[in-house]
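Comments concern the structure below.
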Amino acid sequence: MSEERSLNFLEEIVEEDLKNGRYKQIVTRFPPEPNGYLHIGHAKSICLNFGLTKKYGGYTNLRFDDTNPTTEETEYVDSIKEDVHWLGFQWKNELYASDYFGILYEYAVKLIKNDLAYVDDSSSEEIAAMKGTPTEPGKDSPFRDRSQDENRVLFEKMKNGEFTDGSRTLRARIDMKHPNMLMRDPVLYRIKHAHHHRTGDQWCIYPMYDFAHGQSDSIENVTHSICTLEFIPHRELYDWLIEKLEIFPSRQYEFARLNLSYTIMSKRRLLELVNQKFVAGWDDPRMPTISAFRRRGYTPESIREFCDKIGVAKRENLIEVGLLEFCVREHLNKIALRRMVVFDPVKIVLTNYPEGKKESVQTDENPEDESAGLRDIPFSRELYIDREDFMENPPKKYFRLAPGQMVRLKSAYIIKCDEVIKDEQGNISQLRCSYIPESRSGADTSGINVKGTLHWVSIPDAITAEVRLYDRLFKVENPAAEEGDFKEYINPVSLQVVKQAYAEPSLMQAKFDDRYQFIRKGYFCLDKDTSPSRIVFNRTVTLKDAWIKEQKKSS
RNA sequence: UGCCCGAUAGUAUAAUGGUAGUACGACAGAUUUUGGUUCUGUUUGUCGAGGUUCGAAUCCUCGUCGGGCAACCA
């Protein structure tokens, strides 16, 4: 196959526009409303908008669509900027729709002067009632034919704060019988005596999305205004306003938003999870937010790769979360430092290993990356292995430790289990084993071949750490599509905490930017809750586990 | 019941009138001091019915199915 990847439909449009000379360069924008944190769905949009101008030349602006002061906050602005940067993109200009409130006001006046807008004294309910339904036409408002002068005066009074919230609106005069409901005299301006995070108390009227978004695109000379499918019906109004206002003709194109299995993407619902404490915050590692993925140990490279792999089209989709996991494993496998950590310890005593003796074994920092070098791990007579790596009555094809069975301790010796010691309750408290002195890694002259290799830690040298294991937040594939409250489908075991795991001592020096693979367990990173008295790790993602599959087959 | 989108393997996404391909998954095998990684192979698809054409996933018609539209949200 050729190295040339096929183009998605937006790339085709851009190439065509460049080829036929419609534009010399393209301009896109990423236009979040600062009313929540960015999620993985936004990452798709970010990669698209920035990716297009990176590939074809031009630039991308970051524009905050901050036209609704009651839901927007500076905290969100800051988090959004941080997230876009972290993903690896640099915007040309940092812009705000609120910067254009003055121009937008003038645009509205122009519409009034052209008899294309009017002030309506109807209440919200009355407007809704006159709107009609998708199958029935609407009715004209009794205020629809006010004189131009009256409209001008009233709109100015709206601006000057002479009316109460909700008492009047400015509406476009289009067609109350239009088959597209958005064209049935849409509201352009509403009165809100609310403090805005940037303009303060300067304004008490605020433009609606439809009267701000397209106009902002136009003011910024955005050539390709890329948004999600639900805005398709808005395009007719978008174009109408550009035509009537006679401003730069930005064009809107729509793509299907990302949906990820076993999670939700609605900002409103994510906010609900945060506010009602179902999660610890916007960056709780179980959340689908960018900040959560960052905290959890995902890399920007892996998220970008994911966005690239899922493609762009116009049909609704539900992407398997497994693809995201594949992408992060693929990257982490290349960069993660290998470490050994035991979560649920069983003590091993090597009966033929001299008491008090200690040695050091060497192993790869990362077998996928020779330049990462080697590290030393202390080895001694008493060790921990994970409880799941021993079975008293193993099934067939169980390659781990069992009575009379041999395994290799990773980078150290082959051992054999001689005796199982139990406490009064019948729980295994100790495994007495013998080691094969000639089987030392790198100098193995024993001639013994074993199928299994286990991770381990030396008890006198081990340090302890808290490990947080995350699973999908929801039990069902598509929580948004289920009946009833989506919160009923939350996975009750999405977080499991190992309060005291035993780790090799080198993890004492773990750094925040480093990624680790706990051998045979998964990929981990230091959590921000780490303090001088407590080391905390997050599991980014598990390793693929062929043994689980094998077990399922036989059961 | 009006208008607007869409429909290709399990999930995504290509093929732009000329051999239905790729990725993930699944399955089988090889390698392996991580049951990881890597490698090899296999499997599965054009929503339906007509039409145009030498030739249709692609163009046309009619259906079917899925989604969106009745916020002073974006």
Side-chain angles (χ1 to χ4, degrees), chain A residues 1 5-8 12 31-33 35 65-68 70-72 120 122-124 127-129 131-138 165-171 178-184 186-192 205-206 208-210 212-213 227 229-236 254 256 261 267-268 309-320 322-327 329-330 333-334 338 340 363-364 367-368 397-400 407-412 414 439 441-442 444 449-455 517-522 542-551:
Chain A
M1 86 167 242
R5 286 263 319 285
S6 55
L7 303 175
N8 66 47
E12 281 178 11
E33 183 191 11
N35 68 346
D65 266 355
D66 53 350
T67 54
N68 185 1
T70 52
T71 57
E72 295 154 7
D120 194 334
S122 308
S123 69
S124 168
I127 289 178
K131 199 117 198 173
T133 70
T135 53
E136 301 162 73
D165 284 8
S167 61
R168 281 175 180 79
T169 56
L170 182 74
R171 294 227 260 164
H178 199 106
N180 180 351
M181 300 216 38
L182 282 159
M183 298 296 276
R184 320 240 262 230
V187 172
L188 266 22
Y189 263 96
R190 76 285 217 191
I191 302 170
K192 270 183 196 253
I205 56 171
Y206 292 93
M208 298 290 291
Y209 166 86
D210 284 310
H213 192 95
C227 61
L229 257 27
E230 68 267 30
F231 291 98
I232 288 177
H234 293 249
R235 190 174 61 228
E236 196 169 5
E254 311 85 11
S261 65
K267 263 201 248 180
R268 200 198 85 236
K309 275 193 189 329
I310 58 178
V312 182
K314 297 192 73 156
R315 71 187 87 128
E316 307 270 352
N317 59 76
L318 181 62
I319 310 277
E320 292 173 343
L323 182 62
L324 215 209
E325 293 175 345
F326 167 82
C327 292
R329 283 191 188 108
E330 188 182 44
N333 178 48
K334 291 182 190 130
R338 312 295 138 120
M340 294 203 282
T363 188
D364 291 320
E368 305 296 317
K397 290 197 193 167
Y398 185 81
F399 304 145
R400 307 177 186 182
V407 293
R408 163 148 332 253
L409 296 178
K410 170 79 181 165
S411 299
I414 292 172
S439 67
S441 278
D444 187 347
N449 269 320
V450 291
K451 286 280 240 182
T453 301
L454 306 185
H455 62 279
Q517 184 197 101
F518 293 176
I519 288 181
R520 301 209 304 134
K521 294 253 168 224
T542 61
L543 252 29
K544 275 214 303 199
D545 192 341
W547 172 237
I548 284 180
K549 245 184 248 174
E550 187 66 33
Q551 284 173 304

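Quick note on labels: first sequence line is chain A, next is B, and so on, each numbered from 1.
Listed by chain and number, the residues in a salt bridge (Lys or Arg N to Asp or Glu O under 4.0 Å) with A/Asp120 are A/Arg171 (sequence neighbours excluded). By the salt bridge (Lys or Arg N to Asp or Glu O under 4.0 Å) test, A/Glu136 is found to be paired with no residue, residues two or more places apart in sequence or in another chain being considered. Shown here are the side chain to side chain contact (heavy atoms under 4.5 Å, CB included) partners of A/Ala212, two or more places apart in sequence or in another chain: A/Thr67, A/Leu104, A/Pro207. For the salt bridge (Lys or Arg N to Asp or Glu O under 4.0 Å) test, residues two or more places apart in sequence or in another chain that qualify with A/Arg235 are A/Glu254. Scored by the side chain to side chain contact (heavy atoms under 4.5 Å, CB included) test, A/Met208 finds A/Val187, A/Arg190 as partners (sequence neighbours excluded). For the salt bridge (Lys or Arg N to Asp or Glu O under 4.0 Å) test, no residue two or more places apart in sequence or in another chain qualifies with A/Lys334. Every residue two or more places apart in sequence or in another chain was checked for a side-chain hydrogen bond (donor to acceptor under 3.5 Å, both in side chains) with A/Glu72, and none qualifies. For A/Asp210, the side-chain hydrogen bond (donor to acceptor under 3.5 Å, both in side chains) partners two or more places apart in sequence, or in a different chain, are A/His234.
Rounding to the nearest 0.5 angstrom, the gap separating the CH2 atom in A/Trp547 from the CZ atom in A/Arg400 is 6.5 Å. Rounded to the nearest 0.5 Å, atoms CG (A/Leu324) and OG (A/Ser261) are 9.0 Å apart. To the nearest 0.5 Å, atoms CD1 (A/Ile191) and CD1 (A/Ile205) are separated by 8.0 Å.
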Short heteroatom pairs, N/O only, protein and nucleotides 26-30 of chain B, under 3.5 Å:
| residue | atom | partner | partner atom | Å |
| --- | --- | --- | --- | --- |
| B/A26 | OP1 | A/Lys549 | NZ | 3.3 |

What nitrogen or oxygen pairs link the protein and nucleotides 5-10 of chain B at under 3.5 Å?
| residue | atom | partner | partner atom | Å |
| --- | --- | --- | --- | --- |
| B/G10 | N2 | A/Glu320 | OE1 | 3.2 |

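Heavy-atom nearest nucleotides on RNA chain B were determined for A/Lys397 and for A/Thr133, and the one closer to the 5' end corresponds to A/Lys397. Remark on RNA chain B: of its neighbouring residues A/Leu318 and A/Leu409, the 5'-side contact belongs to A/Leu318, judged by nearest-heavy-atom nucleotide.
The nucleotide whose nearest atom lies closest to any side-chain atom of A/Arg400 is, among B/U1, B/G35, B/A14, B/G35. Across B/G35, B/C72, B/U37, the shortest atom-to-atom separation from the side chain of A/Glu550 is found for B/G35. Among the nucleotides B/A70, B/U33, B/A74, the one closest to any side-chain atom of A/Pro134 is B/A70. Listed nucleotides B/A74, B/G36, B/U33 differ in distance to A/Lys410; the shortest reach to its side chain belongs to B/U33. With B/A23, B/G2, B/A74 as the choices, the nucleotide that has an atom nearest any side-chain atom of A/Lys309 turns out to be B/A23.
OP1 and OP2 of B/C72 both lie 4.0 Å or more from every side-chain N or O belonging to A/Arg168. Taking 4.0 angstrom as the limit, A/Arg190 places a side-chain polar atom (N or O) nearer than this to OP1 or OP2 of B/A74. Contact check, A/Arg171 against B/C72: no side-chain N or O comes under 4.0 Å of OP1 or OP2. Contact annotation: A/Ser124 reaches the phosphate of B/C72 (side-chain N/O to OP1 or OP2, under 4.0 Å).
Salt bridge A/Lys410/A/Asp364: absent, no basic N to carboxylate O contact under 4.0 Å.
Atom CZ of A/Phe326 and atom P of B/G36 are 15 Å apart (whole Å). Straight-line distance from the CD1 atom of A/Ile127 to the P atom of B/A71: 11 Å, rounded to whole Å. Regarding A/Asn333, its CG atom lies at a distance of 13 Å from the C1' atom of B/U32, rounded to whole Å.
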Q: Sugar-phosphate atoms are those with a prime plus P, OP1 and OP2; base atoms are the rest. Using that split, label each nucleotide of nucleotides 40-47 of chain B B, S or - for protein heavy atoms under 4.0 Å, 5' to 3'.
A: --------
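For B/U44 and B/U38, the P atoms lie 25 Å apart once the distance is rounded to whole Å.
Here A/Arg184 lies out of heavy-atom contact (under 4.0 Å) with every strand.
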Q: Toss me the dot-bracket line for RNA chain B: Watson-Crick and G-U wobble, both under 3.5 Å, 5' to 3', using | for pairs to another strand and [ ] for crossers.
A: .((((((..((((....[..)))).(((((.......)))))....(((((..]....))))))))))).....
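For a distance-only test at 3.5 Å, the side chain of A/Arg329 fails to qualify as a donor-acceptor partner of the base of B/G36.
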